[in-house]
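In this chain, numbering begins with 1 at the start of the sequence shown.
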Amino acid sequence: MKTMKKIALIVAILLGAFASTVACNITFTLQNDQNETVNPAKVKVGDTYTLVVHFKPTHRVCPIDIKSTKFNLDGIKVISATDWASDGGTGYIRKVKIKISDNKKPESSLTVVRLCDNGGCSAPFIVKK
């Protein structure tokens with residue numbers, strides 16, 4: 001019985017250590033002008049959309065300010081963007097108005113990048129054309 005408790009404790013410690021090293025969580029929602037969710041595989045070159053970016057840190061205290069988040073673009077043009085705002089919990093939301101441009105590739109992308117000593121993160125949002 002003591003062996004089982006020791007194994008359970010070791011597993012719990014390892015899972016806790018793993019959870020603290022996981023990169024931040026970034027999710028995307030693509031919306032049309034009516035705020036309806038759009039399938040990224042059904043966009044058209046020249047059309048504009050709102051990309052809702054939701055960032056949730058996995059560490060209690062993130063050493064990098066949310067304003068240090070970078071956006072790398074390939075075939076997507078940013079028309080406008082809101083400032084990062086609290087989601088009411090521990091995360092942040094930013095709405096980015098984008099236009100799909102013709103980059104002569106079958107896909108366009110916007111990649112969110114955060115660099116830090118806790119692992120940072122890089123999350124691509126990809127649309128098929």
Side-chain angles (χ1 to χ4, degrees):
M1 191 61 115
K2 287 186 178 185
T3 304
M4 291 300 288
K5 287 183 181 180
K6 286 181 182 179
I7 292 172
L9 179 62
I10 290 170
V11 168
I13 290 170
L14 290 174
L15 286 175
F18 175 73
S20 68
T21 62
V22 174
C24 300
N25 184 15
I26 298 174
T27 58
F28 303 97
T29 304
L30 189 64
Q31 298 176 336
N32 62 17
D33 290 338
Q34 292 78 36
N35 293 328
E36 300 167 329
T37 300
V38 175
N39 181 341
K42 302 201 179 209
V43 301
K44 296 178 184 168
V45 172
D47 284 354
T48 59
Y49 302 91
T50 299
L51 182 62
V52 181
V53 182
H54 186 236
F55 167 76
K56 184 162 181 81
T58 54
H59 302 97
R60 289 185 186 150
V61 178
C62 184
I64 304 300
D65 186 76
I66 189 66
K67 293 178 183 176
S68 296
T69 304
K70 305 290 184 209
F71 290 79
N72 296 332
L73 308 170
D74 183 8
I76 292 179
K77 179 180 178 185
V78 172
I79 298 171
S80 63
T82 64
D83 289 333
W84 287 101
S86 172
D87 67 359
T90 59
Y92 296 91
I93 292 178
R94 187 174 195 190
K95 294 183 178 184
V96 183
K97 183 116 176 154
I98 61 171
K99 182 175 184 176
I100 309 303
S101 58
D102 191 3
N103 62 351
K104 308 294 185 208
K105 299 178 185 176
E107 297 178 341
S108 292
S109 65
L110 176 148
T111 303
V112 177
V113 179
R114 291 184 50 82
L115 302 174
C116 74
D117 293 338
N118 289 337
C121 63
S122 175
F125 173 77
I126 299 171
V127 294
K128 309 275 186 197
K129 300 184 284 186

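Identified under the salt bridge (Lys or Arg N to Asp or Glu O under 4.0 Å) test for residues 72-93, with sequence neighbours left out: Asp74-Lys105. The ring-ring contact (aromatic ring centres under 6.0 Å, His included) analysis of residues 74-113, with sequence neighbours excluded, yields no pairs. Sorted by first and then second residue, the salt bridge (Lys or Arg N to Asp or Glu O under 4.0 Å) pairs with a member in residues 33-47 read Asp33-Lys97; sequence neighbours excluded.
Sparse packing is recorded around NZ of Lys95, with 12 or fewer heavy atoms of other residues, nucleotides or ligands lying under 6.0 Å away.
Under the 3.5 Å distance criterion, the side-chain polar atoms of Ser101 are matched with a main-chain donor or acceptor of Gly75. Side-chain N or O atoms of Ser109 include none that pairs as donor or acceptor with a backbone N or O of Pro124 at under 3.5 Å.
Linking Ile, Leu, Val, Met, Phe, Trp and Tyr whenever their side-chain heavy atoms come within less than 4.5 Å leaves Leu73 and Val52 in two separate clusters. The hydrophobic clustering, which links ILVMFWY residues whose side-chain heavy atoms are closer than 4.5 Å, places Val43 and Val78 together. Tracing side-chain contacts under 4.5 Å through hydrophobic residues (I, L, V, M, F, W, Y), one never reaches Leu51 starting from Ile93; they form parts of separate clusters. Following chains of ILVMFWY side-chain contacts shorter than 4.5 Å, one cannot reach Val96 starting from Ile126, and the two form parts of different hydrophobic clusters.
Taking 4.5 Å as the limit, some side-chain heavy atom of Thr111 sits within range of a side-chain heavy atom of Ser122. Side-chain contact between Ile100 and Ile98 is present, with heavy atoms from C-beta onward closer than 4.5 Å.
Here Thr90 pairs with Lys56 under the side chain to side chain contact (heavy atoms under 4.5 Å, CB included) rule; sequence neighbours left out. Applying the salt bridge (charged side-chain N to carboxylate O under 4.0 Å, His left out) criterion to Lys128, with sequence neighbours excluded, gives Glu107. Applying the ring-ring contact (aromatic ring centres under 6.0 Å, His included) rule to Phe125 yields the partners Phe28; only residues at least two apart in sequence or on another chain are considered. Not counting sequence neighbours, the partners of Lys104 by the salt bridge (charged side-chain N to carboxylate O under 4.0 Å, His left out) test are Asp102. Under the side chain to side chain donor-acceptor pair (under 3.5 Å) criterion, Thr69 pairs with Arg114, sequence neighbours left out. When the side chain to side chain contact (heavy atoms under 4.5 Å, CB included) test is applied to Ala85, no partner is found at least two apart in sequence or on another chain. In this view, Pro63 and Cys116, Asn118 satisfy the side chain to side chain contact (heavy atoms under 4.5 Å, CB included) rule, not counting sequence neighbours.
Taking a 4.5 Å side-chain heavy-atom cut-off between Ile, Leu, Val, Met, Phe, Trp and Tyr, the cluster of Leu115 extends to Val113. Cluster partners of Ile79 are absent, since no Ile, Leu, Val, Met, Phe, Trp or Tyr has side-chain heavy atoms less than 4.5 Å from it.
Here the shortest heavy-atom pairing between Lys99 and Gly46 reads CE-O, 3.4 Å.
To the nearest 0.5 angstrom, Cys121 atom SG is 10.5 Å from Ile64 atom CD1.
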Run the side chain to side chain contact (heavy atoms under 4.5 Å, CB included) check on Phe71 and Val112 step by step: do they pass?
CA-CA 5 Å; Phe71 290 79; Val112 177; 3.7 Å; yes
